[in-house]
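One structure is given below, encoded as structure tokens.
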Number of protein chains: 2
Amino acid sequence: MDVDTRLVRYFVAVADEGSLTRAAQRLFVSQPALTKQIRHLETLLGVRLFTRSRLGMTLTEAGRALADRAPALLADCDRVLRETKSAASRAARVLRVGFLASAANEATQDIIAMFGRLRPGWRVDMRQAAWSNPTAGLADGEVDAALLRLPFPGQDAFRVEVLLTEPRWVALPSAHPLATRDVIPFRDLWDEPFVAAPDETGWWRDYWLATDDRDGRPPRIGATTDHPDDWLQAIANGYGIALAPQSSARFYARPGVTYRPVTGVSPSQVGIAWPPEAGANPVVQDFVRCCLEIRAEPLPPADPDRADGETLDE
Amino acid sequence: MDVDTRLVRYFVAVADEGSLTRAAQRLFVSQPALTKQIRHLETLLGVRLFTRSRLGMTLTEAGRALADRAPALLADCDRVLRETKSAASRAARVLRVGFLASAANEATQDIIAMFGRLRPGWRVDMRQAAWSNPTAGLADGEVDAALLRLPFPGQDAFRVEVLLTEPRWVALPSAHPLATRDVIPFRDLWDEPFVAAPDETGWWRDYWLATDDRDGRPPRIGATTDHPDDWLQAIANGYGIALAPQSSARFYARPGVTYRPVTGVSPSQVGIAWPPEAGANPVVQDFVRCCLEIRAEPLPPADPDRADGETLDE
DNA sequence: TGCGTCTATAACCTGTTGGAATGGATGTCG
DNA sequence: CGACATCCATTCCAACAGGTTATAGACGCA
């Protein structure tokens, strides 16, 4: 009795949504494909999992039994695969650290340097992730730890420590009328077109559109990008504006793009996250400890440009 | 990151056997197919799981990590699917009981009758299994409990109670020279061709060939069958002889087939088995209780033919 | 009556799986 | 030393499974 975990994930999506159509778009497959797969799962088990109606798909008792147990099963599955990949990198003495562009900053090199002293012989492999991968590879075991903007989707399944908190600013085309203002209230930006992250990032996309701070009215989308370079390009080209952490003003400075402080949006946080099972991995623990130490007492700046910007968290 | 459980099972087999070739025949696939699948799993994970050599396949550290965790994962998977199927039959008020032909006997009807009084409204669905399915569907959740000959492959994963112990006899073509003897020492049968269960039953096949009682010399196979009817037919046709529980002499009497007691082979046991998770299912518990009650005090025989044969266990 | 919202079905394309045959490297035994 | 056994890898081919688009059918609602 072999069941592809994909089938189970499909099942969970349909059970969650109560509808093939909606589940299909959440999974980025066509509705007929989902129909077939769910039927396939049912014949595989010899059990009817849903009762169909015009209103959608309702779980049968058997379906309910599976829906109750499947998420834990899938999580176990993911954990085992993560542990396997982690064992491989451990054997090679490589610590894989994922990061979203906006989550790395000046402190990162200090962290790596400190880790290097703590664990000579180990190599840190920093992997930048696209925004469509909001856990930077943590979820599928591609990395042992990740520097992320908080919150991130699925955060509850991981261990997280906050490293810093900083205000969100806005990035505008330099020619934009508001670019001359010193500080911009967010509500003045409600009707501006935004450069957004791809749909499939869900939560992440909404966070950077600040949908919570718009008083319910929907954002206008001027462009969608998946990478910092495209993002800057889109803003410079005037396709739209975007919120960004304050530190982007230094890291992603570019002619044609101007950054300005914004009032009326909550600040953003950077955190270090690692999978729960890495609690048993002393190397990951050491890396996390480096992050926390650097947070507590940043190394003395080698360069005066270094010390501006972040507000330490605590 | 979706991995078919089939891939994991393949991996476990190769890890166990330390060889693609041997694992392939255990899995009843060709060796090239296995080669491809293992490579596929490796590229899927982005991790080398084995180091290849002329001596076979050796686990890498990552492979060891996976091999340590995979069996539990697969067991969880099977359990969840079993529970799903079980929920379905429970909702329909059906108790599914599997049995191997030779494990059902006169007591079975008494058990069902007793269960019927204990659980009115419930239906017992008795499902005879082929010998190629030595757990009678217990392993893949097709049944809630099973009447089996002991021991059976994978027995440790289930709860088992012994119901009766009876000697093994031999079934011969009536025209066979030995058919005139009252009792036959097993060693007189060592060189006879046997009608055996299919290869893939492994343990089960060996048990009924009594390979343990042959002093190391290999059995001769005259024919292979997967079902009682074929089995009787093969014996009647003279393709070979076979060991069988004493009670077969009554249940599988047929012109052209003669049963005789045999000395020098261990007796056979019948047991009731159920999955550990069914401990939470009172209906399964009731059925097991019926089995044990009938074992302890068989109902008074309605027919004089009924009481011969079995030796009660304890 | 026409529209929107569901699921089911049909026709089609492609990638993957599995089988048989074969190759190549390496030991082993007479 | 040569024949043979034992591994894994490769190639070629047939079958199938999974995906897509387009469309049908059922139903409630304005």
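Note on naming: letters A, B, ... go to the chains in the order of the sequence lines (proteins, then strands), and numbering restarts at 1 for each one.
- Scored by the ring pair (Phe, Tyr, Trp, His ring centres under 6.0 Å) test, A:Phe11 finds A:Phe50 as partners (sequence neighbours excluded).
- For the pair B:Leu20 CG and D:dC8 P, the computed distance is 4 Å after rounding to whole Å.
- OP1 or OP2 of C:dA8 has at least one side-chain nitrogen or oxygen of A:Arg52 nearer than 4.0 Å.
- Between A:Asp78 and A:Arg9, at least one side-chain N (NZ, or NE/NH1/NH2) sits under 4.0 Å from a carboxylate O, which counts as a salt bridge.
- Using modelled atom types and a 3.5 Å distance limit, the side chains of B:Thr5 and A:Asp2 yield a donor-acceptor pair.
- For the pair B:Gln25 CD and D:dT6 P, the interatomic distance rounds to 10 Å; values are reported in whole Å.
- A:Gln25 and A:Thr21 share no side-chain donor-acceptor pair at under 3.5 Å.
- Distance, A:Glu17 CD to C:dT7 C1': 16 Å, rounded to whole Å.
- For the pair A:Met57 CE and C:dA8 C1', the interatomic distance rounds to 11 Å; values are reported in whole Å.
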Q: Give the B/S/- string for nucleotides 12-29 of chain D, one per nucleotide from 5' to 3', where a protein heavy atom under 4.0 Å of the base yields B, of only the sugar-phosphate yields S, and otherwise -.
A: B-----SBBBB----S--
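- In this structure, of C:dT7, D:dA9, C:dT9, it is C:dT7 that holds the atom nearest to the side chain of A:Ser19.
- When the C1' atom of D:dA9 is taken as reference, atom CD of B:Glu42 falls 13 Å away, rounded to whole Å.
- For the atom pair B:Tyr207 OH and B:Leu243 CG, the distance stands at 9.0 Å (nearest 0.5 Å).
- In this model, the phosphate group of D:dC7 is not approached by any side-chain N or O of B:Ser53 to a distance below 4.0 Å at OP1 or OP2.
- To the nearest angstrom, P of D:dA9 lies 11 Å from CZ of B:Phe50.
- Remark: A:Tyr239 OH is loosely packed, at most 12 non-hydrogen atoms of other residues, nucleotides or ligands lying under 6.0 Å away.
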